[in-house]
Amino acid sequence: MHQNYTPKEIEAAAQQYWNNEQSFRAVEPTEKLASADPSKPKYYCLSMFPYPSGKLHMGHVRNYTIGDVLSRYHKMRGFNVMQPMGWDAFGLPAENAAIANNVAPAKWTYANIDAMRAQLKSLGLAVDWSREVTTCKPEYYRWEQWLFTRLFERGIIYKKTASVNWDPVDHTVLANEQVIDGRGWRSGALVEKRDIPMYFFRITHYAEELLADLDTLDGWPEQVKTMQRNWIGKSYGCDVSFPYDKVSTGTEGALKVYTTRPDTLMGATYLAVAAEHALATQAAKNNPALTNFIEECKRGGTAEADMATMEKKGMDTGLFVLHPLSGEKLPVWVANYVLMGYGEGAVMAVPAHDERDFEFAKKYGLPVKQVIAGKGEEGRVKGESSAPHLPFSLLSSLFTTEAWQDSYANKDGVCVNSGKYDGLDFQAAFDAIADDLAAKNLGEKKVQFRLRDWGISRQRYWGCPIPIIHCPTCGDVPVPDAQLPVVLPEDVTVTGIGSPLAKMPEFYQVPCPKCGGAARRETDTMDTFVESSWYYARYASPDCTTGLVDARAQYWLPVDQYVGGIEHAILHLLYARFFHKLMRDVGVFGDVSAAQHNNPSFNEPFKNLLTQGMVIAPTFYREKSNGKKLWLNPAEVNVATDAKGRPTGAVLKTDGQPVIIGGTEKMSKSKNNGVDPQAIIDQYGADTARLFMMFAAPPDQQLEWSDSGVEGAYRFLRRVWVFAHGQADHIKTHGHFDSAALSAEQKSARFKLHEILKQANFDISKNQFNTVVSACMKLLNTLEDFTKHETHAALANEGFSILLRLLAPIAPHITHALWIELGYGADILNAPWPQVDEAALVQDEIDLVIQVNGKLRGNLR
RNA sequence: GCCGGGAUGGCGGAAUCGGUAGACGCACCGGACUCAAAAUCCGGCGUUGGAGACAAUGUGGGGGUUCGAGUCCCCCUCCCGGCACCA
């Protein structure tokens, strides 16, 4: 028996044991998959799989520890647990590494996977490694390609042009991340928007279902559901057509816009179109200034955040349209804030009741016409309280910002200055104006979504090839099943200029599968979000060679608990939900009866969701002579404190000279504030790393890294070890328990133990693991205090068994070793979860708190 | 800019339903042990005043509801995540 706590040996032995026993091998009942043995419910616990960047970072450790705690907790509670792991292996960083180090992306990726797998294993995760999935392998992505062809045939995937960031020097499409201050990250060239053909998933066809089914996700954080609802953005509005003014435009037809505020239609004073809009192109023909402006609008990247924060600019086209109800001539402007990709690429502007329109109108001297006033204020116009009847057209100078702020987005007001609509409230005006538009055939009510279709074409090498062949006679032909997978050649040179596949005739020169004529294979690859949209299903049957999944998926799906970063709250989680519905509708999960179709657990992939916060750490730096900051790793720095423990300064360990203390930020390479998990595991062991991670913050909050906090976690585990060995003889006697015969002091100790357990069981059911750790510490404190005065074998035995089992999911190695050593059983994984003895919680006396006017005034016993 | 979060001692955090604010840990201070240090153990620790009992004050800022607010409502500030090609 070891008297000293030696995590390295203890952890290696425990991992060896689990490996030999295949403790985490997840097995589905073999007969009647769909109606599995109800006595052992299944629990599929999934953590978001890592991108194989090369090294584990603290975010991974946190993510996988949370998943592991949940897995082990459920295993001890009698669930049939499956916890898989895999690799989100396609993506941009592999190409960047290829350019920087002249190594093929495949080689780099596989080496990283090997390194990170070893690191993950050292954490002692209860993972079934036989289910490992790697998305860059043909046996995985061939089924993605298969699904693509089915969806293409069904029209769920279609082709259209879309804007991308174009680097005119490197002749390469750039990701938003690669555009820095409007310039290409490598070339430094000003980036421009370029329209290219791309394949799209028609996710908008599922918008209604994706929105409605959020209501069935009781196990998701409200915050995430709200974000998804807003992202999908269902709105009730009107299509409105503004007929062209024939004199200025020389054409028939109308300019179509969508608005959620048809009640303000009488206040429209101009229209704005995107730079790419046909009307803008027409107006620019004989207008060099407008041509220049349109060119200017096309400069810069495609990121929405940039669009929304840039200075609003516009230019008059000189063209007019007619107001559909009043017939008034309204000018048409080109504006850089109108996006061609949204709706119709044109908007009606109501400066009096829209903040952005108001700023624009003020800047360019366009008229502002108020048409909504607060209830009871009809007949007078805000900002001019003494003037009951101003002319309909107000200049912006008469219309103060404050007055506008009061009323601009006011749906509680009533119409003014709106002719026959005066006095109508929002809903009445909405209906009346929509009816009048419909009668004139110039508009109708319409439900619209903010959600846009998902463009998945990437002009990049390291991704899943799009299984399409372009034939001059047959058009876009999906690759037939027999020719799948379209294998991505792995031995390539990546230069960062253009797409490697487009330079490989041996890849793209192919015969047409339909007519046999010469054709060209698509050289774009898919967005890596596609792979991560269905991997959760693949884990159920990772070796399946007949489809995406087989019948085993019916047993394991849906995922019972999904764990991952909050940064995935919208895109990844929405795409995966979408994919689940696609797979269902293609029949991937087998024939779906109507009853199953209405079953939420069949329509959604993730029953419960836990979004974890980031891992952050302090930053330290020195100013270099050129004014730039030299970031120093926290491990290289000593922080000095005053007598009260407040930090007074910091010095570099190597030279003893001062460094500047920066903010506490997300661990990153750029700020050099990352702490290598491997170093922590090597020094203190995986149990300490896991314990600290779980203790330092609740899972959904940010976690601040602290070296001394890690030491504290280590100290606690050592105390557990020392206590166990000091008390081993008593604990092992397993004395008979007679709760009625306990002394007052023994009763009080047992009360404390069960009171702590009760709280801990409540906390763990809420995923609040930090207070579960705290409970373990309290249990040890209680046991230590108690055994100072007396020994009671049965009580020590019971108390310590509670402590070990409560701690087991968090620090599995040490608890595994002690459970066996103290003779509790062969394997703590098979031990039952500790239960509160309510009899222990009966109290003879209580504290009574006296409050007077809400203030504490006394305490009675 | 838009959407979603967050803010509690020197620090991380706790407070389940609106009812004793600061559990648990870290840091720090004092003591024991030691030739000494480390480790360990014991004690203290929001702020202000007081020798003390105690009193006042205190959960980012301002206002409100309530017998009573960290918790509910309104306004504001700062920080973080996402914004469709980072994953």
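Just so we're on the same page: letters track the sequence lines, and every chain starts at 1. Owing to the predicted nature of the structure, the values given are computational and were not obtained by experimental measurement. The figures that follow rest on heavy atoms only: side chains count, while hydrogens, waters and symmetry mates do not.
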Using the P atom in both, what is the distance from B:A55 to B:C75, to the nearest Å?
39 Å
Restricting to salt bridge (Lys or Arg N to Asp or Glu O under 4.0 Å), what partner residues turn up for A:Lys160, sequence neighbours left out?
none
Can you see if the side chain of A:Asn770 gets near the phosphate of B:A23 - specifically, an N or O under 4.0 Å from OP1 or OP2?
no
Could you check whether A:Tyr51 gets within reach of a base, just the sugar-phosphate, or nothing at all, counting any heavy atom under 4.0 Å?
sugar-phosphate
Contact list (N/O, under 3.5 angstrom) for nucleotides 78-81 of chain B vs protein:
| unit_1 | atom_1 | unit_2 | atom_2 | d |
| --- | --- | --- | --- | --- |
| B:C80 | O2' | A:Gln702 | NE2 | 3.3 |

Span that lies between the C1' atom of B:G18 and that of B:U59, in whole angstrom
15 Å
Nearest whole angstrom, please: distance from the C1' of B:A14 to the CZ of A:Phe762.
13 Å
Using a strict 4.0 Å threshold on nitrogen-to-oxygen distance, state whether A:Lys193 and A:Glu276 make a salt bridge.
no
Less than 4.0 Å between a side-chain N and a carboxylate O, is that true for A:Lys225 and A:Glu222?
yes
Does the side chain of A:Asn230 get closer than 4.0 angstrom to OP1 or OP2 of B:C2 through an N or O atom?
no
Would you mind writing out the side-chain donor-acceptor pairs for residues 176-187 of chain A within the sub-3.5 Å range, not counting sequence neighbours?
| unit_1 | atom_1 | unit_2 | atom_2 | d |
| --- | --- | --- | --- | --- |
| A:Asn176 | OD1 | A:Asn165 | ND2 | 2.9 |
| A:Asn176 | OD1 | A:Thr302 | OG1 | 3.2 |
| A:Gln178 | OE1 | A:Ala175 | N | 2.8 |
| A:Arg183 | NH1 | A:Gly188 | O | 2.9 |
| A:Ser187 | OG | A:Asp167 | OD1 | 3.0 |
| A:Ser187 | OG | A:Asp167 | OD2 | 2.6 |
| A:Ser187 | OG | A:Ala189 | N | 3.1 |

Distance below 4.0 Å between A:Lys788 side-chain N/O and B:C42 OP1 or OP2
yes
Expected output check: what is the dot-bracket annotation of RNA chain B, where ( ) and [ ] are pairs inside the strand (brackets for crossing ones), | is paired with another strand, and pairs are Watson-Crick or G-U under 3.5 Å?
(((((((..(((......[....))).(((((.......))))).((((....))))..(((((..]....))))))))))))....
Mind checking if A:Pro50 touches a base, just sugar-phosphate, or nothing, with heavy atoms under 4.0 Å?
nothing
Expressed as a whole number of angstroms, how long is the span from A:Tyr337:OH to B:C83:C1'?
20 Å
If you look at every strand shown and take non-hydrogen atoms under 4.0 Å, does A:Phe716 touch a base, only sugar-phosphate, or nothing?
nothing
Those residues that, when tested against A:Ser457, pass side chain to side chain contact (heavy atoms under 4.5 Å, CB included) (two or more places apart):
A:Met198, A:Tyr199, A:Gln459, A:Ile466, A:Asp524
Remember a base hit wins even if backbone is also touched, and classify A:Gln178 as base, sugar-phosphate or nothing at under 4.0 Å, heavy atoms.
nothing
B:C11 glycosidic torsion: syn (within 90° of 0) vs anti:
anti
Against the side chain of A:Leu571, the closest entry in B:A87, B:C24, B:A14 is B:A87
Can you name the residues that form a side chain to side chain donor-acceptor pair (under 3.5 Å) with A:Arg577, not counting sequence neighbours?
A:Gln228, A:Glu604
Distance below 4.0 Å between A:Arg452 side-chain N/O and B:C83 OP1 or OP2
no
Taking only Lys NZ, Arg NE, NH1 and NH2, and the carboxylate oxygens of Asp or Glu, determine whether A:Lys363 and A:Glu311 approach each other closer than 4.0 Å.
yes
Taking any heavy-atom pair under 4.0 Å as a contact, classify A:Gln228: base, sugar-phosphate, or nothing.
nothing
Check the orientation of A:Trp108 and A:Tyr51. Use parallel for under 30°, tilted for 30 to 60°, and perpendicular for over 60°.
tilted
